[in-house]
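Excluded from the calculations below are hydrogen atoms, water molecules and symmetry mates; all remaining heavy atoms, backbone and side chain alike, are included.
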There are 2 protein chains.
Amino acid sequence: MLKRERQAYILRKVNLHNKVLSSALCTEINVSEDTIRRDLQELAEEGKLIKVHGGALSHSFNEINYSTNGIYSQSEKKKIATKTITLLEEGMFVLTSGGTTILEFAKSLPLHLKATFISGSIPAVLEYIQHPNIEVIMIGDRISKNSKITVGSEAIHKINQMKPDLCILGTNAIDIEHGVTDGDWEVVQLKRAMVRASKKVACLAIAEKLNTVQPIQICDINKVDVLITELNPDADILQPFIKAGVQVL
Amino acid sequence: MLKRERQAYILRKVNLHNKVLSSALCTEINVSEDTIRRDLQELAEEGKLIKVHGGALSHSFNEINYSTNGIYSQSEKKKIATKTITLLEEGMFVLTSGGTTILEFAKSLPLHLKATFISGSIPAVLEYIQHPNIEVIMIGDRISKNSKITVGSEAIHKINQMKPDLCILGTNAIDIEHGVTDGDWEVVQLKRAMVRASKKVACLAIAEKLNTVQPIQICDINKVDVLITELNPDADILQPFIKAGVQVL
DNA sequence: AATTATTTTGCAAAAATTTTCAGGTTTGTG
DNA sequence: CACAAACCTGAAAATTTTTGCAAAATAATT
């Protein structure tokens, strides 16, 4: 990894989380703590961040706490993201939807992962292309303005031609009886195609989406291979899903 | 392998992945590291990439992290944007490239305009979808990390199936003799298809891009219907273009 | 086709940069 | 205060770059 690249990565991390720990960075990037320290020091000299004992802070830290940049229940989504990463393998083809949970996932992808990510979500793709080792494929078609995702028959057709190893769905409603459901007809069409095309399907959902139903069905619960929530897998609310044959993380 | 094609290969790789390692390139191309280094140095001198210890980075990668957020000669680009808007008509199908000039244009679209915009540029599309009356179509394919635009045969194929009323090109180099040229092989392929498919072609270029040439040609000057710069159309430098049959705004 | 000129490439030793390591010192915390 | 974690300093180790030069390849000329 190039020095410049590493520093850019650190800077991005600082701006994202408002702080970084030297110890965390050095295991993550796989260099000695000395190197990290020197990087932080150099970045501090350039005024890009503030060096503190044990790590560094972003400049905007003192200002308003805009870290909670509007994302609803961000910490839960971070937890989901971390679990989701365990599903990834080297060289995988991964198809993802959009949404804030997916976005959180996109931001926490491990640095050294080499894989191909396919998505119709503009915000998700914008995150993916920041990653040094991930190849990104955007699915084209008409864009749904409120979800910032490509929808339409062309997009669906394109998805049908693929056979991704894993499909990761941001989920708005999931229920044993009604399966995965959503409220936007066009997005549902797309997600249906995604589920159909993929070898394996993972649904990301914060707990409050469990056992809720939306008007239009994406797929039955038996199409879902993995369900990932912020809860511990032995939580009561998750047991019915496990009984239904879903792997719960 | 000739020097020229080797450098073209390197440049292509930088534009696509945002970085290259000298060590990786030399095993890949099967030349000594010295040769690669010399290539990178030459390309850096020509301003095509940024040489760093151990390899090279794309320009956009560096900008993102060195955060010189101010758009270069923004006021000129605003002026160009304003003129470009006069070309737009109700209900038009407009195909656009990416780039900062296009982005400025995207921001200044009149509120009432109803039209369909097609693009492979992620930043441009992000602007277009802010607009209440514009339908946006994203062209899908692999994403070039440097230019944040979709490139590849799928994208070209998609463009070939369309017949847009107007093609608006952000232009890096335009010259009477050599026409419109650019340095990024992948992007050139895409722009060629855009020009070929469209009924009318408009090139946006700030004055300093006039009478400059880049290595790869997109199209001859006679394919350009309209040239838009920040200058007054009766400026001396523009007269040759008018004589060549280009409408100058 | 052969010769000459020019460019390009590969090599090796030395220089520079970057990373790691080893030690002693400082800092934060209970 | 004690103790662990983080820091600093300087030097070694590893990697990349520079430099000059000769061999090889390419282009131009006879």
d([atom1], [X]; [atom2], [N]) in whole Å:
X       : N      : atom1 : atom2 : value
B:Arg37 : C:dA16 : CZ    : P     : 15 Å
B:Ile36 : D:dT18 : CD1   : C1'   : 17 Å
A:His53 : C:dT27 : NE2   : P     : 9 Å

For this session: Give the B/S/- string for nucleotides 7-14 of chain C, one per nucleotide from 5' to 3', where a protein heavy atom under 4.0 Å of the base yields B, of only the sugar-phosphate yields S, and otherwise -.
Result: -SBBBB--
For this session: Could you check B:Thr181, B:Ile174, B:Asp184 and say which one makes a side-chain contact (heavy atoms from CB on, under 4.5 Å) with B:Gln214?
Result: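 When B:Thr181, B:Ile174, B:Asp184 are each tested with B:Gln214, the side-chain contact (heavy atoms from CB on, under 4.5 Å) holds only for B:Thr181.
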Exercise. Under the ring-ring contact (aromatic ring centres under 6.0 Å, His included) test, which residues partner A:Tyr128, sequence neighbours left out?
Worked result: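 A:Phe117.
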For this session: Please list, chain by chain and in numerical order, all residues satisfying side chain to side chain donor-acceptor pair (under 3.5 Å) with B:Arg192, sequence neighbours excluded.
Result: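 Residues passing side chain to side chain donor-acceptor pair (under 3.5 Å) with B:Arg192: none at all.
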For this session: Mind checking side chain to side chain donor-acceptor pair (under 3.5 Å) for B:Glu154 and listing every partner two or more places apart, or none if nothing turns up?
Result: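 Result, side chain to side chain donor-acceptor pair (under 3.5 Å) vs B:Glu154: A:Lys158.
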Exercise. side-chain hydrogen bond (donor to acceptor under 3.5 Å, both in side chains): which pairs involve residues 31-44 of chain B, sequence neighbours left out?
Worked result: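 Listed by first then second residue: B:Lys3-B:Glu42, B:Arg6-B:Asp39, B:Gln7-B:Asp39, B:Gln7-B:Glu42, B:Ser32-B:Thr35.
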Exercise. Which pairs with one or both residues in residues 77-86 of chain A pass side-chain hydrogen bond (donor to acceptor under 3.5 Å, both in side chains), sequence neighbours excluded?
Worked result: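 Residue pairs passing side-chain hydrogen bond (donor to acceptor under 3.5 Å, both in side chains), neighbours aside: A:Lys77-A:Thr100.
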For this session: By nearest nucleotide on DNA chain D, pick out whichever of B:Gln41 and A:Val52 is the more 5' one.
Result: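 Its nearest nucleotide being more 5', the pick is A:Val52.
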